[in-house]
Amino acid sequence: MKKSPLPVENLSGKGKQRECGKEALVKLLRWHFGHPDFKGKQLEAIEAVLSGRDCFCLMPTGGGKSMCYQIPALAKTGIVLVVSPLIALMENQVMALKEKGIAAEFLSSTQTSQVKKKILEDLDSGQPSLRLLYVTPELIATSGFMSKLTKIHGRGLLNLIAVDEAHCISSWGHDFRPSYSKLSSLRNRLPDVPILALTATAVPKVQKDVMDSLNLQNPLILKSSFNRPNIYYEVRYKDLLDDAYADLCNVLKSAGDVCGIVYCLERATCDDLSTHLSRNGISCAAYHAGLNNKLRSSVLDDWISCKIQVVVATVAFGMGIDRKDVRIVCHFNIPKSMEAFYQESGRAGRDQLPSRSLLYYGMDDQKRMEFILSSAESKKLQSSNSQRGLSKNSMSDFNLMVEYCEGSGCRRKKILESFGEQVSALLCKKSCDACKHPNLITKYLEELTSACAVRQRNAFSRILMSSSTDAIDNAQFSEFWNRDDEASGSEEDISDSDDGFELAKSISRSKVSKKSGINEKIEFLQRAEENYYQIKAPDKQTNKPDRNAISAMLRESSKQRLLDALKQAHQRLGDLKVDFEASSTFLESECFKKYGKSGKSFYYSQVASTVRWLSTTSSAEITNRVATSTTSHENSTCKENPPLTASTKYDQREKEIIGEEHCGNIELETSASALPLQNPSSSTKLPTIPSFSQFVNIRKSKETQPNASEKHSPKKLETNTKKRMRLQ
Ligand SMILES: Nc1ncnc2c1ncn2[C@@H]1O[C@H](COP(=O)(O)OP(=O)(O)OP(=O)(O)O)[C@@H](O)[C@H]1O
Ligand SMILES: [Mg+2]
């Protein structure tokens with residue numbers, strides 16, 4: 001039911017300049033919002049801005065920052081201008097305020113011209129009924145709107161400018177938005193209007209940047225502790241789990257039908273994981289920038305209205321998500337920084353009730369993020385129009401995140417220390433896994449170190465990424481945080497650029513293929529592979545299972561997932577004439593072939609990407625892709641056909657890897673285990689696939705033979721190797 005606003009006249013004093021005492025402010029809070037009292041530093045912030053002083057307000061996520069400008073808007077006649085980075089965020093807040101009977105509006109490109117006209121007429125009226133006007137930074141930058149503001153200000157009706165999510169102004173911040181830099185002009189154009197900057201980003205360099213950029217004058221700086229005592233922090237190690245999907249599914253099921261968010265790095269993982277969870281009875285949906293606006297808002301609406309409980313999302317599911325009862329936030333991939341992690345995990349438990357943050361840490365995810373970050377940094381360094389702050393070392397930010405996962409100490413302490421808060425681990429009161437089960441965590445970390453031979457696989461993983469641009473080309477969209485290339489023409493619309501993705505893509509294209517000569521590349525790959533196997537060797541000696549290995553069970557479940565996707569494609573297309581079983585086996589094998597060596601995460605992503613492809617592609621494309629599979633599958637299982645000789649099989653395999661040309665008659669050992677592509681039921685013994693080094697050495701020795709045929713000439717070798725690198 002709508003409530004009429006508490007008349008301003010009811011407050012003590014008269015006229016615009018009256019003092020609003022604490023009592024009057026609490027009265028407003030109770031009347032309009034139903035909260036018994038102010039919390040944290042709200043009252044101090046409100047009193048400061050009402051007295052005309054600038055204020056910098058640093059409160060954690062869910063700390064109640066909005067109240068710091070909403071109450072001042074109700075305490076004085078006139079308008080509070082709120083600058084906000086997201087249309088969705090403005091919409092939510094305006095809707096919530098209107099429901100409370102408070103006159104609030106937002107101006108954005110999404111509104112009809114009629115609505116905009118009405119708002120502007122009200123502003124021009126000399127006695128606006130509006131109390132809060134939400135706008136985007138882009139609108140502030142337009143001369144038309146600025147002159148309107150100046151007019152309102154001239155009439156003495158602009159009481160306060162609140163810059164919400166003010167960290168967006170800083171290129172050091174995790175959500176830097178170039179359009180926010182346009183706010184620097186506010187102080188000059190409207191010199192005596194107090195500015196309130198609000199953020200939950202606690203990094204000192206961001207604070208300074210915000211205050212400098214907005215030109216705050218002697219601001220009252222209010223900082224609350226960033227401790228979120230109601231959140232239990234936990235890390236699980238993907239490399240020690242058989243199946244992270246199944247683990248997450250169990251976690252969500254055992255938590256009951258609770259509200260949750262699962263963050264993934266890539267859109268494809270969101271889609272796939274969401275399908276998997278839904279199939280296992282969890283009420284959920286995917287949310288990412290690859291979905292159209294309509295679908296995205298319907299997912300958001302369904303989640304906010306409790307029609308679905310879990311959203312599996314990229315970082316596009318971002319700022320201002322206002323559901324208080326989120327009980328669990330899972331990170332299925334490691335976030336890029338502690339700041340990002342804090343913001344995202346902080347969406348849990350905004351109602352202060354016990355909640356949980358669970359991060360799945362995988363070595364491959366870590367390598368992948370390192371790769372992305374280092375690529376992004378080199379692009380920024382190269383960029384001719386590099387801006388202030390771009391020398392920011394995102395790698396050292398990321399290392400804090402890695403330390404959070406790989407260190408054995410209190411997780412809460414690590415979070416708070418990364419924001420400059422020195423606290424005792426006693427503060428945690430066993431509300432993180434490291435404090436609650438220290439021995440277990442130590443054991444896990446030991447297992448992790450020995451099972452994965454931690455960091456040194458790096459080189460090999462990177463080479464795989466660099467040389468397999470197709471992995472990225474296959475629409476494995478990741479969503480990142482750098483909005484540096486925010487198109488000026490895109491007005492307010494927010495968000496979800498794939499800048500980071502584009503960046504990683506372009507750099508990965510150039511990294512190996514353009515900068516070094518082919519021989520150097522080959523040597524590099526050989527060295528990386530040697531390292532890889534040297535590191536893996538100790539595992540074999542101690543007979544420890546390689547926890548990063550892709551188990552038969554996992555492969556089977558991936559196959560099942562692909563089978564389901566094929567069946568769905570059949571339903572969608574109606575005319576899909578392929579053998580589903582054989583095709584799903586083939587597609588799974590392709591994923592394994594590509595990423596079997598590089599670990600679960602890459603493999604997961606590839607399966608997810610294939611599922612996504614199946615959900616959008618045509619019958620003809622599916623048939624073309626799986627046609628060879630069905631043929632070769634039939635060949636390998638057909639009893640009437642004579643068994644293939646080792647060399648024939650090898651040729652066949654080489655054709656797949658290198659391209660059309662085979663490598664001649666190379667005698668090789670036969671080994672079934674070396675063939676990830678084979679049908680598990682087939683007993684045919686097939687030859688070992690040579691390692692990259694073996695392959696190159698064989699080619700080299702052929703080259704040095706005087707009678708080597710033309711097709712083994714260095715030029716040819718280079719062509720073949722290029723093809724291999726492209727296809728790996
Ligand atoms: N004084 C108060 N007493 C009780 N609850 C409050 C009070 N002030 C705000 N809240 C509630 O706290 C929740 C979070 O408020 P708000 O959205 O303003 O937080 P925030 O600091 O802006 O968070 P974020 O960083 O996520 O934007 C809201 O549900 C709000 O109703
Ligand atoms: Mg807020």
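Note that ligands are numbered from 1 as they come in the structure, with each ligand's atoms numbered from 1 the same way. Model, not experiment: these values are computed from the prediction. Numbering starts at 1 and runs along the sequence shown.
Using a 4.0 Å cut-off between charged side-chain N and carboxylate O, Arg411 and Asp433 make a salt bridge. A salt bridge is defined here as a Lys NZ or Arg NE, NH1 or NH2 lying under 4.0 Å from an Asp or Glu carboxylate O, and Arg327 with Asp257 fails to meet this definition.
Residue Gly64 places at least one N or O, backbone or side chain, under 3.5 Å from an N or O of ligand 1. Residue-to-ligand polar distances keep Phe38 apart from ligand 1: every N/O pair is separated by 3.5 Å or more. For Thr61, no nitrogen or oxygen atom sits less than 3.5 Å from a nitrogen or oxygen atom of ligand 1, counting backbone and side chain alike.
Counting heavy atoms under 4.0 Å from ligand 1, residue Asp37 touches it through the backbone alone. Contacts of Lys39 with ligand 1, taken as heavy-atom pairs under 4.0 Å, involve both backbone and side chain. Contact annotation for Met59 and ligand 1: no heavy atom of the residue comes within less than 4.0 Å of the ligand. At a 4.0 Å heavy-atom cut-off, ligand 1 touches Arg350 through the side chain alone. Residue Pro60 touches ligand 1 through its backbone alone, judged by heavy-atom distances below 4.0 Å.
Per-residue contacts place Glu165 under 4.0 angstrom from the following atoms of ligand 1 (heavy atoms of the residue considered): 27 (O). Taking a cut-off of under 4.0 Å to the non-hydrogen atoms of Gln42, the atoms of ligand 1 that pass are 1 (N), 2 (C), 7 (C), 8 (N), 9 (C). Remark: ligand 1 atoms within the under-4.0 Å shell around heavy atoms of Ser66 are 16 (P), 17 (O), 18 (O), 22 (O). Remark: ligand 1 atoms within the under-4.0 Å shell around heavy atoms of Met67 are 8 (N), 9 (C).
Listed by chain and number, the residues in a ring pair (Phe, Tyr, Trp, His ring centres under 6.0 Å) with Tyr233 amount to none (sequence neighbours excluded).
Under a 3.5 Å cut-off, the side chain of Asn230 and the backbone N or O of Gly349 do form a donor-acceptor pair.
Put simply, no part of Gly346 is less than 4.0 Å from ligand 1, judged by heavy atoms.
Residues Phe317 and Trp303 place their aromatic rings such that the two centres sit under 6.0 Å apart.
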